[in-house]
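The structure appears below as structure tokens.
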There are 2 protein chains.
Amino acid sequence: MATYHHGDLRTAVLAAAGKLIEKEGLGGLSVREAARRAGVSHNAPYRHFPDRDALLAALAAQGFSQLGKALEGRSGRELGEAYVRFALGHPQRFRLMFGGQLALDRYPELRTQAEATHGRLTAAFAGLGAEAKFAAAAAWSLVHGLAQLILDGHFENDEGFVTKVIGAIRFAVGPQRSA
Amino acid sequence: MATYHHGDLRTAVLAAAGKLIEKEGLGGLSVREAARRAGVSHNAPYRHFPDRDALLAALAAQGFSQLGKALEGRSGRELGEAYVRFALGHPQRFRLMFGGQLALDRYPELRTQAEATHGRLTAAFAGLGAEAKFAAAAAWSLVHGLAQLILDGHFENDEGFVTKVIGAIRFAVGPQRSA
DNA sequence: CGCCTGAAGTAGACAGTGGCCACATAAGTG
DNA sequence: CACTTATGTGGCCACTGTCTACTTCAGGCG
């Protein structure tokens, strides 16, 4: 059997929790169950996360990082589609990231990761003058809301639909020649 | 003191739960606490709601109904602003409505109320031909995402900001003469 | 080499929760 | 009045997050 000391429990717990969340939903994730899956006593995770919320925050931060990678190098409507695709591919993770139960202020890493993603979004709208900020915000809002509403079952989950919705808008001070 | 039978426990529990949720957040709401506030034993609510989720679903349905009223008679960007204002005014309720922990299929009233709201949104885009559906979806997505991202602290909570973001887009096949 | 300090993991306890059960009470109905 | 049925009570169970005290081990220092 393995050693008494696990070696990399933090990672193991995160992985277990990640699987749990995606299978059982956010409510189905308990620290104890994650510990069980990692083959460790119910209390061990507390050596690595001060409390349950901290574990959630770590999962969310991980999610932001993944989302960042998924958006890398894309722009225009391709970027939007990638955003939605990520949300639909990792629904529970996405919910966790934007569920609002995590106080952004309390978990610095979370904030950092989130802002990195934010930056990626706004970067795609650079060079549009003063209005760029609002256009970027609108773009993010659009794809974010779209993803959320599909996840909630208010819209059909269909690739073509997403494309058409994203295509249905133009930016007031925008790049008509977007990719 | 009051009678053994409460009279309208269902309403009382809903009210108590509503206050709780807005004060403590979604996690702070327990059936038992709601029962306490309603001055009734821990189990009484279960006569009116099969389980905790059903209580949440009822709260959410209520929320959709309120949202519906808030949107009544409005159109164009005024409608969008009203949507966001509702979300910012009842943040926890809004989160509950769109948090995704409620299986829309399992609670018919929820679905009904949600679709009524949906209808109100799309109605504002009637008469735009085949593309209307997508424009309406885009509009809903935009304001929904905007609200959510503000609630999460990713955007500033500012009336002027909202107006400008909403103003930053045009619809491909849209009503240039919107209110 | 052996000790020993501190990090990592374990074991047990506690209050609070959702949800089940059997029982008590009230309100209508014949 | 008797009886049925909705409504509310109290006790119970498994489970959870989190606290406190104990155990095991790894690495540095003599």
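Chain letters run A, B, ... following the sequence lines, proteins first and then strands; every chain starts at 1.
At D/dT5, none of the side-chain N or O atoms of B/Arg47 fall inside 4.0 Å of OP1 or OP2 (strictly under the cut-off).
As a whole-Å value, the separation of B/Gln101 CD from C/dG18 P is 14 Å. B/Arg36 has its CZ atom 14 Å from the C1' atom of D/dG10, to the nearest Å. If you measure from atom CD of B/Glu24 to atom P of C/dT17, you get 11 Å, rounded to the nearest angstrom. Nucleotide D/dT7 holds its P atom 12 Å from the CZ atom of B/Phe49, rounded to whole Å. The CG atom of B/Leu56 sits 15 Å away from the P atom of C/dT17 (whole-angstrom rounding). When rounded to the nearest whole Å, the span between CD of A/Glu33 and P of D/dT16 equals 7 Å. Rounded to whole Å, the distance from CZ on B/Arg37 to P on C/dT17 is 11 Å.
A side-chain contact (heavy atoms from CB on, under 4.5 Å) with A/Asn157 is found for exactly one of A/Val84, A/Val162, A/Leu88, A/Leu151, namely A/Leu88.
Base contact: B/Ser41 has a heavy atom under 4.0 Å from a base atom.
Looking at which nucleotide of DNA chain C each of B/Tyr46 and A/His42 is closest to, the 5′-most match is held by A/His42.
Aromatic pair A/Phe125/A/Phe171: centroids less than 6.0 angstrom apart.
Side-chain to base pairing of B/Arg52 with C/dG19: no donor and acceptor N or O lie closer than 3.5 Å to each other. On a pure distance criterion of 3.5 Å, a polar donor-acceptor pair joins the side chain of A/Arg32 and the base of D/dT18. With hydrogens and angles ignored, a donor-acceptor pair under 3.5 angstrom links the side chain of A/Asn43 to the base of C/dG12.
Ranking D/dT9, C/dT17, C/dG9 by closeness to the A/His48 side chain, first place goes to C/dG9. Distances from the side chain of B/Asp51 to the nucleotides C/dG19, D/dT18, C/dG9 place C/dG19 closest.
For A/His42, the ring pair (Phe, Tyr, Trp, His ring centres under 6.0 Å) test picks out no residue, with sequence neighbours left out.
The aromatic rings of B/Trp140 and A/His154 sit tilted relative to each other, their planes meeting at an angle between 30° and 60°.
Using modelled atom types and a 3.5 Å distance limit, the side chains of A/Gln148 and A/Arg95 yield no donor-acceptor pair.
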